[in-house]
K.L.:
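My structure is below; once you've seen it, I'll send some questions.
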Amino acid sequence: MKAIRTFTVRPVLAASLAPLDRLASNWRWSWSRATHALFASMDPVLWDEIGANPARMLGALGQERLDELARDEEFVARVREEDERLTAYLDGDRWFQQLEGDKPVHIAYFSPEFGVDGSLPQYSGGLGILAGDHLKSASDLGVPLTGVGLFYRAGYFRQSIGDDGWQRESYPLLDPYGLGLTLLRNHEGAPVEIALDLPGDRRLHARVWVADIGRIPLLLLDSETPSNTDEMRRVTDRLYGGGGEHRLLQELLLGVGGVRAVRAWSELNGRPTPDVYHTNEGHAGFQGLERMSELITHDGLSFDEALAQVRAGTVFTTHTPVPAGIDRFPRDLIADFLSSGLFQGLDAGRAISLGLETWEGGDQGVFNMAVLGLHLGQHANGVSVLHGEVSRGMFGMLWPGVDTDEVPITSITNGVHAPTWVHPALKAVSERAWGDAHTDTHDWTDRNVVSDAELWGVRQQMKGELVAEARRRVAASVSNGHTPSWVEDLLDPEVLTIGFARRVPTYKRLTLMLRDPERLTRLLTDPERPVQIVIGGKSHPADDSGKILIQQLVRFSRDPKVRGRIVFLPDYDITLAKDLYPGCDVWLNNPLRPLEACGTSGMKAALNGALNLSILDGWWDEWYDGENGWAIPTADTAANDEERDDDEAAALYDLIEHQLVPRFYEREGGIPLRWLDMVRHTMTELGKKATSDRMVRDYVQRLYVPAAAHDVALRANGFLEARAVAAFVSRVREAWGRVSIASVDSSGIPQQAQAGDTLEVRADVRLDGLSPDDVAVELLYGATNEDDALSRDHSVYRLSPGASAADGATVFSGTLPLGVTGTFGYTVRVRPAHPQLVSPVELGLVTYAS
């Protein structure tokens, strides 16, 4: 019979083992090799059985074994040593503390999912894994950041594959106490509860679980509390488990409840409230409306003043170039919630306008969470250079009149947390060679430090572990009391191994490799130089098209002709990924370009010595250099999708057959030296930049520090500057329709210009109510193309205001020496100017000379 409730009973620890509680409840164990090994050594078999989680381990080990360990002087010494290491890690100054100048005092980082460890399944894919790595690197670097998310009682889902190849989902419930989470309590010991007022006189309550991710608290809001009705208890049941109002309630709890949870946690722990709010994708956009409501009701700001203040301290990161990946809600549904009293003092009509698709071709009947995020975030970015470019085009309509290249969305390329993702065997080699497990200073190209034999031996060891894990998983999924004999020969550690694993939306093209099944079969079964492919991935439970792709692949893999050379491993998660990335020789990625925002799985593989074979999309587009893998040509000129898939699949097969296979199987003394040259180059060069440490440093220096400075500037002296910015924006928007450039005159250039000549420019600008200080009149100049368009890298020169012209226009002028040769062009524009604007075109108001 099924229990109606489950929970974990913790044993009593002897004084000598008391530090185990602290070590188990801080998730630094998930990337500390020594702490991980300490818990595993208590009972290696049980450790694997319970899912490699210290809190579960302490609950499952039994009092007798713990008492035995308490008498083991060597083990007690290891416990004491790990506890001292944790204390030093938590208390010591790190990179952020040594950063000079003004910097943020507290950053709140919101995300709908966090992938910290396989035993804490609060993630579905790349967005969550990225968020988890962000927290870990923020901890390693000493950044004062707090993570904010939801606690999903059933996580995402567990995947199994039926005999028909169809994905099946299950939702085992999670015990937060048994995972090592702690409940946020007030000074009297009572659980802290957050409450949201909803339409229909409903209230949504949530308790707050805290996961310590090294130095970073992760706050997870949980609606499973006695204060809620049965309906409200189900709000945090599953990650991405519902649509419509259910999804909206999750995002309101994340954004609104998240702000309130951070406030409560900060007060209880004596921390300052955040001066920077980072929303990781649009799901948490409502946090900005909650902060505006606070400023209006508590500080007496107007709507526009509160908006200016909130924008100043908000960073918004968009993660998808796929419009279908953006949450959009019916306008009427949003209106119901904004009118319910949830956001006190907030003008509901104006708040709704912040998320509406008001541009030509948009749907004003929907509320777009990415649009809300961009309207509330003065600092915005994509997650690779190419994705930044795509995002500027995708959202450019929010800045009408602004050239796409100038849309104020920058890019910070994602990275991965090396201590988490680098295999322990490879970590051991790097620690012996360089003294630490970080990757940004390791020169793997020096054979005097790490020999070919040692590097190849570690690579083969990692592949052997993947083969063993694949056989175990397949046996578990197909066995009905006995393991088929063919499973024992599944995969081969000596064969060129290609990995492919990710979520399974159609644009990632899971089945592109099946485009020509006969050719693929020949590659897999070549008697002299075979290839094998290991695949994993989950389709969203409601995405039947993705499930069909999985089914097609599974059915192909079960064909006796290729069985053993291509395998689909069910329930792809962090735990499987830690075997999969290091165990592959090549990592495959073949999305439809440019629909992959970044795609960090290939980075994790690269840090373990795998080479990438990928479409030039996401991070690979900027970091492929010809020596760290292979680029699959993109068939941009194909007449249709079918032709494009055919052409790109053919190119994929060609690369495998004519480049990968020969290089991998070309050996000297049993070692593929030319292959290892590429491996060494990859680990050295990508080790410098494909890390979340580099990524978080970029966020701090390029976005967090400026956002904190803007927040402080606008907040000072009773929000004096916030009021000034709001007044400026209102004045400029009201007048801009009357601003024009009456004339532009130039002189000083002979008919045949040459370098060193001087261009003198005068522009007469009608400001009609604005002052010359309210605007910048700029000369844009540089090389031109055949269409007389200025190049992307054109220069900008600001003209100076002078006396008024006879007709009332204001004269702006300047003198420019010509340093550009070849075709040259210029234009003049006028735009609003204010020191608190992050981008010169932030307001989307630009007038060009005609």
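Values reported hereafter were calculated over all heavy atoms of this structure, with side chains retained and with hydrogens, waters and symmetry mates removed.
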K.L.:
Identify the two heavy atoms, one from K103 and one from Q98, that lie closest to each other, and give their separation to 0.1 Å.
P.N.:
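Looking at all heavy atoms of both residues, the closest pair is NZ-N, 4.4 Å.
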K.L.:
Under 30°, 30 to 60°, or over 60°: which ring-plane class applies to H278 and Y699, parallel, tilted or perpendicular?
P.N.:
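Correct class here is tilted.
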K.L.:
Looking at R247 and D327, is there a salt bridge between them, counting it only when a charged N and a carboxylate O are closer than 4.0 Å?
P.N.:
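Answer for the salt bridge query: yes.
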K.L.:
Which atom pairs, donor and acceptor, lie under 3.5 Å between side-chain atoms of residues 329-337 and protein residues at least two apart or in another chain?
P.N.:
residue	atom	partner	partner atom	Å
R331	NH1	Q364	O	3.4

K.L.:
Taking only residues at least two apart or on different chains, which pairs with a member in residues 821-835 satisfy salt bridge (Lys or Arg N to Asp or Glu O under 4.0 Å)?
P.N.:
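Of all non-adjacent pairs touching residues 821-835, those that pass salt bridge (Lys or Arg N to Asp or Glu O under 4.0 Å) are E406-R829, E778-R829, E778-R831.
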K.L.:
Out of D774, D768, D773, which residue meets the salt bridge (charged side-chain N to carboxylate O under 4.0 Å, His left out) rule with R731?
P.N.:
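Running salt bridge (charged side-chain N to carboxylate O under 4.0 Å, His left out) over D774, D768, D773 with R731 returns exactly one hit, D774.
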K.L.:
F728 and L843: which non-hydrogen atoms are nearest, and at how many Å?
P.N.:
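The answer is CE2-CD1, 4.2 Å.
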K.L.:
Can the ring centres of H379 and H710 be said to be less than 6.0 Å apart?
P.N.:
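Yes, they do, as the ring centres are separated by less than 6.0 Å.
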K.L.:
Do R291 and Y277 form a cation-pi contact, if we require the NZ or CZ to be under 6.0 Å from the six-membered ring centre and within 45 degrees of the ring's axis?
P.N.:
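Because its charged atom sits under 6.0 Å from the ring centre and within 45° of the axis, R291 does stack over Y277.
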K.L.:
Side chains of N280 and Y109, heavy atoms from C-beta outward: is any pair under 4.5 Å?
P.N.:
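Heavy-atom side-chain distance check passes, below 4.5 Å.
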K.L.:
Side chain to side chain donor-acceptor pair (under 3.5 Å) with T317: which of T279, N381, N414?
P.N.:
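Of the listed options, the one satisfying the test is N381.
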K.L.:
Salt bridge between R593 and D621, side-chain N to carboxylate O under 4.0 Å?
P.N.:
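D621 and R593: salt-bridged.
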K.L.:
Step through the shown structure and confirm whether more than 12 heavy atoms of other residues, nucleotides or ligands are within 6.0 Å of CD on Q701.
P.N.:
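It does: Q701 CD has more than 12 such atoms within range.
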K.L.:
Taking 4.0 angstrom as the limit, do R328 and E357 come out as a salt bridge?
P.N.:
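A salt bridge is present here (some side-chain N lies under 4.0 Å from a carboxylate O).
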K.L.:
Counting neighbours of CG on D102 that are heavy atoms of other residues, nucleotides or ligands and sit closer than 6.0 Å, is the number greater than 12?
P.N.:
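No.
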K.L.:
If every non-hydrogen atom of I326 is compared with every non-hydrogen atom of A370, which pair is closest and at what distance?
P.N.:
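Distance-wise, the nearest heavy atoms are CG2-CB, 3.7 Å.
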